[in-house]
Every structure is written in structure tokens, then in C-alpha cells.
Amino acid sequence: MNKRIYLSSPHMGGKEKQYIEEAFATNWIAPLGKNVNEFEKEMCLYTGRQHALALSSGTAAIHLGLRYLGVQQGDIVFCQSFTFIASCNPAVYLGANLVFIDSEKESWNMCPKALKKAYEKYPNPKAIIVVNLYGMPADYDKVIAIAKQKGTPILEDAAESLGSTYKGVHTGNFGDISVFSFNGNKIITTSGGGMAMVNDEKAKNKMLFWATQARESFPWYQHQEIGYNYRLSNICAGIGRGQLAVLDKRVEQKRAIFDRYKEAFSTIDEIEMMPEAPFSCSNRWLSCMTLKSGCKVSAMDIINMLEKNNIEARPIWKPMHTQPCFKDNDFICVEPSGSVSEDIFSRGLCLPSDTKMTMQEQDYVIELIKEMF
Ligand SMILES: Cc1ncc(COP(=O)(O)O)c(C=O)c1O
């Protein structure tokens with residue numbers, strides 16, 4: 001096949017251009033306007049959260065969220081190690097010291113036992129960053145119970161999990177502040193963008209203030225605090241509105257892609273697909289698999305073979321505690337056999353999960369992989 005098969009590329013729903021054209025027609029070519037306001041309202045309606053703040057990226061949303069939670073120079077912040085670096089970079093921007101927490105096998109997300117153990121060494125963290133990896137929600141009942149008992153706020157990094165539910169409730173509802181990303185590879189995109197979700201209007205307004213250069217209400221430009229230029233463009237928000245209209249369809253498609261892999265590989269003993277805990281319904285943003293330990297074929301063998309066939313796959317996120325830039329940060333793990341996240345990283349890969357991929361294209365990917373076993 002000559003046409004490249006992508007990991008997860010933008011998939012327009014059809015209405016995006018209409019919203020963009022409206023922005024042009026009314027000359028709202030700015031980081032404010034009807035699309036921004038409506039996109040925020042529509043995200044609240046979809047997730048059931050009370051307030052939404054449209055921003056230029058998920059990273060910006062995490063930055064504002066952590067700042068709102070009071071994270072400052074020298075504070076300890078707990079963060080799931082198994083994630084993309086954008087989950088924790090904003091804590092570094094604020095001068096905090098990150099302590100990385102290992103994952104549990106069931107959800108691949110923050111291990112409640114490791115979180116509990118982290119408090120023995122660091123009793124007063126300022127915030128906990130919990131991630132919903134590849135769309136899979138963390139086990140929030142357990143994580144929230146620990147955080148509540150200790151009085152630590154949670155920042156839910158739901159960048160990858162829009163459309164997923166935990167015990168029937170949409171992700172984006174489990175953090176004191178929750179964050180989505182609309183980057184180009186996400187389940188829906190605004191080309192680049194993000195959203196902070198909160199229940200407290202005061203929190204939304206404060207983050208909005210910082211996101212628009214912390215301008216005080218004076219007739220002239222008056223500033224008491226330092227802010228950022230983090231608001232989402234009205235053009236990008238128009239793309240987001242069109243995308244949100246087809247989100248449920250995309251979740252269905254992503255889940256069908258995952259199920260087809262699962263079915264096809266069920267006869268290959270060495271392949272295991274990413275689990276789904278009984279309390280979760282994942283959007284299956286990326287279909288992930290692991291190879292049994294001792295398997296002669298490695299994750300990189302499969303990725304390289306697919307690349308030779310013009311198919312994009314990628315390794316699992318490399319845990320943060322193994323990144324050179326975080327070599328001096330502490331890592332808390334409870335598994336006697338070693339780190340769960342390191343183990344999954346060493347045996348895992350993300351398969352093409354593009355919703356524009358045809359059945360024939362997916363069959364082709366499956367056949368190529370099957371041939372290796
Ligand atoms: C887990 C996770 N957190 C945060 C982000 C940051 O989002 P953005 O790229 O919109 O800044 C991403 C995606 O890029 C992500 O996958």
C-alpha cells in the first residue's frame with residue numbers, strides 16, 4: 001500500500017468550515033468571540049462539568065490549573081510517571097519539585113498504593129497530577145479518597161480521554177481542575193488547543209484573567225500580576241465545535257478499531273491488548289498492545305516493520321522518572337517485581353488508531369503483524 005496509514009490524524013466532521021466562515025463573516029478573527037463562548041458551553045453540556053475555559057493548549061491549561069491550586073517555587077507535586085511530559089512540565093515552570101508515582105497494572109494509571117506510600121516520605125504535596133492514559137480513566141474512587149483524606153487537590157490530566165467515562169461519569173469531572181487537549185493527534189482537534197474544566201466560577205475567572213495577560217480593570221493597561229497569552233482563537237474554537245458534534249461517533253470508531261485488533265490477535269499468545277478496568281469505558285484514543293515478556297519479537301521490531309510499510313506506530317510513553325531531565329527526581333513504586341510503568345514501556349507499543357483508516361487498511365496492519373509470529 002502506498003498511502004500512509006497514520007497513528008491518529010485529524011478527522012473533520014463536516015461542520016467545522018461553517019463555524020470558521022461565520023467567524024470570518026462577523027470578523028471575529030481573535031482569541032475571543034462566539035465560537036469560543038459556544039465551544040465552552042458545549043464542552044460543559046457534553047461532560048456535565050459546570051465551567052470550561054478554552055485555551056491555546058492542554059499544556060497551558062495544566063499550567064494555569066496548577067497555578068490556581070497554589071503550586072509555587074519549592075512545592076512538592078506528585079505526578080503519575082507514566083505519561084507524556086506535558087503533564088508535568090508546567091509544575092517545573094512554576095518551580096515545583098516533582099515526585100513521580102508508579103502506575104497500577106489494571107488501568108496503567110496512578111497506583112493508589114504507591115500514592116499512599118508517597119505520603120510517608122512527602123506528607124504535604126501541593127497537588128497531585130493524575131492522567132487518563134491513552135483514554136483510560138484512572139481509578140478515581142481510590143485516588144480521590146486518598147487525596148481527600150490528606151487534603152491535596154487533584155489536577156486531572158484528561159488530555160487523551162475526552163469521551164471516556166469512569167463509572168458512567170465523563171472524564172473531566174474528577175479533578176479539582178481537569179484538563180483536555182485538542183492537539184492535532186487527539187480524538188477531536190482544534191489544530192491546537194486545550195480546555196480547563198472546573199465547578200467553581202471563581203477558579204474559571206481567575207484562570208481567564210491569567211490567560212489574558214492578567215489585565216486589571218482599569219481604563220489603561222494596568223498589571224498587578226504576571227499573566228500569559230493562553231486564550232484559544234475563535235477560528236480554532238470553530239473547528240472544535242464542528243469536531244465536538246462528531247465526538248461520540250469517533251469514540252465508537254476508536255473502540256471498534258481496538259476491538260478488531262483484540263479479536264485478530266486473540267490467537268497469538270504473545271500479544272496482549274491494553275486492559276480496560278470494569279469501572280471504565282475508554283475512548284481508546286490509541287490502541288495499545290504489549291508483548292509477553294520473553295517474546296522474541298520486540299515492540300521496536302514491530303514499529304520498524306510497520307514503518308518500512310509506510311505505517312505509523314509508536315512506542316508507549318517513556319515514564320518520566322526514566323527521562324534524563326528528571327534523573328534527580330524521586331520515584332515511588334510498590335511492586336516487589338519493579339516498576340509497572342517501566343515494564344509496560346519495555347513491552348508495549350501504540351498501533352495505528354486513525355479513524356480514517358479503512359477496514360482493509362487495518363486488516364493489512366493486522367496481517368503484517370501476524371506474519372511476525
Ligand atoms: C497526557 C497529556 N497531557 C498533556 C498534553 C498536552 O496537551 P497539548 O499538546 O494540547 O499542550 C498531552 C498532549 O499533547 C497529553 O497527551
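Keep in mind the model is a prediction, meaning the values are calculated, not measured.
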Using every non-hydrogen atom in the two residues, find where [X] and [Y] come nearest and quote the distance to one decimal.
{"X": "G348", "Y": "I316", "answer": "C-CG1, 3.2 Å"}
{"X": "M207", "Y": "A196", "answer": "CE-CB, 4.1 Å"}
{"X": "L232", "Y": "G192", "answer": "CD1-O, 3.6 Å"}
{"X": "A211", "Y": "L64", "answer": "CB-CD1, 3.9 Å"}
{"X": "I177", "Y": "G65", "answer": "CD1-O, 3.5 Å"}
{"X": "A86", "Y": "T59", "answer": "CB-OG1, 3.6 Å"}

Can you check whether [Y]'s main-chain N or O pairs, donor with acceptor, with [X]'s side chain at less than 3.5 Å?
{"X": "K254", "Y": "S353", "answer": "yes"}
{"X": "D102", "Y": "V340", "answer": "yes"}
{"X": "Q243", "Y": "H11", "answer": "yes"}
{"X": "E312", "Y": "L7", "answer": "yes"}
{"X": "S103", "Y": "W108", "answer": "yes"}
{"X": "N309", "Y": "I311", "answer": "no"}
{"X": "K292", "Y": "D269", "answer": "yes"}
{"X": "Y261", "Y": "P352", "answer": "yes"}
{"X": "S81", "Y": "M320", "answer": "yes"}
{"X": "S346", "Y": "D343", "answer": "yes"}

cation_pi(K150, Y119) dist<6.0 Å, angle<=45:
yes
Between [X] and [Y], does at least one N-O distance fall below 4.0 Å, as a salt bridge requires?
{"X": "E272", "Y": "K262", "value": "no"}
{"X": "E104", "Y": "K142", "value": "no"}
{"X": "E252", "Y": "K249", "value": "no"}
{"X": "R255", "Y": "D259", "value": "no"}
{"X": "E361", "Y": "K356", "value": "no"}
{"X": "R4", "Y": "E307", "value": "yes"}
{"X": "K206", "Y": "E225", "value": "yes"}
{"X": "R49", "Y": "E40", "value": "no"}

Please round to the nearest 0.5 Å and tell me the distance separating atom SG of C288 and atom CE of M274.
5.5 Å
Do [X] and [Y] sit in one hydrophobic cluster, given that two such residues count as connected whenever their side-chain heavy atoms are within less than 4.5 Å of each other, even indirectly?
{"X": "V36", "Y": "L162", "result": "no"}
{"X": "L55", "Y": "Y46", "result": "yes"}
{"X": "Y68", "Y": "I76", "result": "no"}
{"X": "F345", "Y": "M110", "result": "no"}
{"X": "I257", "Y": "I188", "result": "yes"}

Who passes side chain to side chain contact (heavy atoms under 4.5 Å, CB included) against T322, sequence neighbours left out?
K318, P319, E342
Hey, could you give me each pair passing ring pair (Phe, Tyr, Trp, His ring centres under 6.0 Å) that has a residue in residues 184-214? Not counting sequence neighbours.
none
Steps toward salt bridge (charged side-chain N to carboxylate O under 4.0 Å, His left out) verdict (D141, K167)
CA-CA 10 Å; D141 279 355; K167 298 189 176 172; 2.5 Å; yes
Check against salt bridge (charged side-chain N to carboxylate O under 4.0 Å, His left out), K105 and E335
CA-CA 10 Å; K105 288 176 187 157; E335 275 298 312; 3.7 Å; yes
Would you please indicate if the ring centroids of F182 and F39 are separated by under 6.0 Å?
yes
With a 6.0 Å cut-off on ring centres, are H63 and Y228 close enough?
yes
Flag side-chain contact, heavy atom, 4.5 Å: [X] against [Y]:
{"X": "L291", "Y": "I302", "answer": "yes"}
{"X": "R314", "Y": "L286", "answer": "yes"}
{"X": "T290", "Y": "L349", "answer": "no"}

Let me have the donor-acceptor pairs involving side chains of residues 18-33, under 3.5 Å, with sequence neighbours excluded, atom names and distances please.
| residue | atom | partner | partner atom | Å |
| --- | --- | --- | --- | --- |
| T26 | OG1 | E22 | O | 2.8 |
| T26 | OG1 | A23 | O | 3.3 |

Would you kindly say whether N109 and Q80 are connected by a side-chain donor-acceptor distance under 3.5 Å?
yes
Can you see whether Y6 engages N185 through a side-chain donor-acceptor pair at a distance of less than 3.5 angstrom?
no
Set out, in order, the CA-CA distance, both residues' side-chain angles and the distance that settles salt bridge (charged side-chain N to carboxylate O under 4.0 Å, His left out) for R260 and E263, then state yes or no.
CA-CA 5 Å; R260 241 179 276 135; E263 169 69 28; over 6 Å; no
Please tabulate, for side-chain N and O atoms in residues 125-138, each donor-acceptor pair with protein atoms closer than 3.5 Å (sequence neighbours left out).
| residue | atom | partner | partner atom | Å |
| --- | --- | --- | --- | --- |
| K126 | NZ | G70 | O | 3.3 |
| N132 | OD1 | A138 | N | 3.2 |
| N132 | OD1 | Y140 | OH | 2.6 |
| N132 | ND2 | E156 | OE2 | 3.1 |
| N132 | ND2 | S161 | OG | 3.0 |
| Y134 | OH | W317 | N | 2.9 |

Criterion side chain to side chain donor-acceptor pair (under 3.5 Å) on S339 and S341, from CA distance to verdict:
CA-CA 6 Å; S339 158; S341 53; 3.1 Å; yes
Within a reach of under 6.0 Å around CD of Q224, are more than 12 heavy atoms found that belong to other residues, nucleotides or ligands?
no
Starting from the C-alpha separation in whole Å, work towards a yes-or-no answer on side chain to side chain donor-acceptor pair (under 3.5 Å) for D354 and S8.
CA-CA 4 Å; D354 198 284; S8 181; 5.5 Å; no
Are T165 and H170 close enough, and set up right, to give a side chain to side chain donor-acceptor pair (under 3.5 Å), and what steps lead you there?
CA-CA 4 Å; T165 56; H170 272 284; over 6 Å; no
Under 3.5 Å, which donor-acceptor pairs do the side chains of residues 87-101 form with other protein atoms, sequence neighbours left out?
| residue | atom | partner | partner atom | Å |
| --- | --- | --- | --- | --- |
| S87 | OG | T83 | OG1 | 2.6 |
| S87 | OG | F84 | O | 3.3 |
| S87 | OG | D157 | OD2 | 2.6 |

The ring pair (Phe, Tyr, Trp, His ring centres under 6.0 Å) partners of F82 (sequence neighbours excluded) come to none
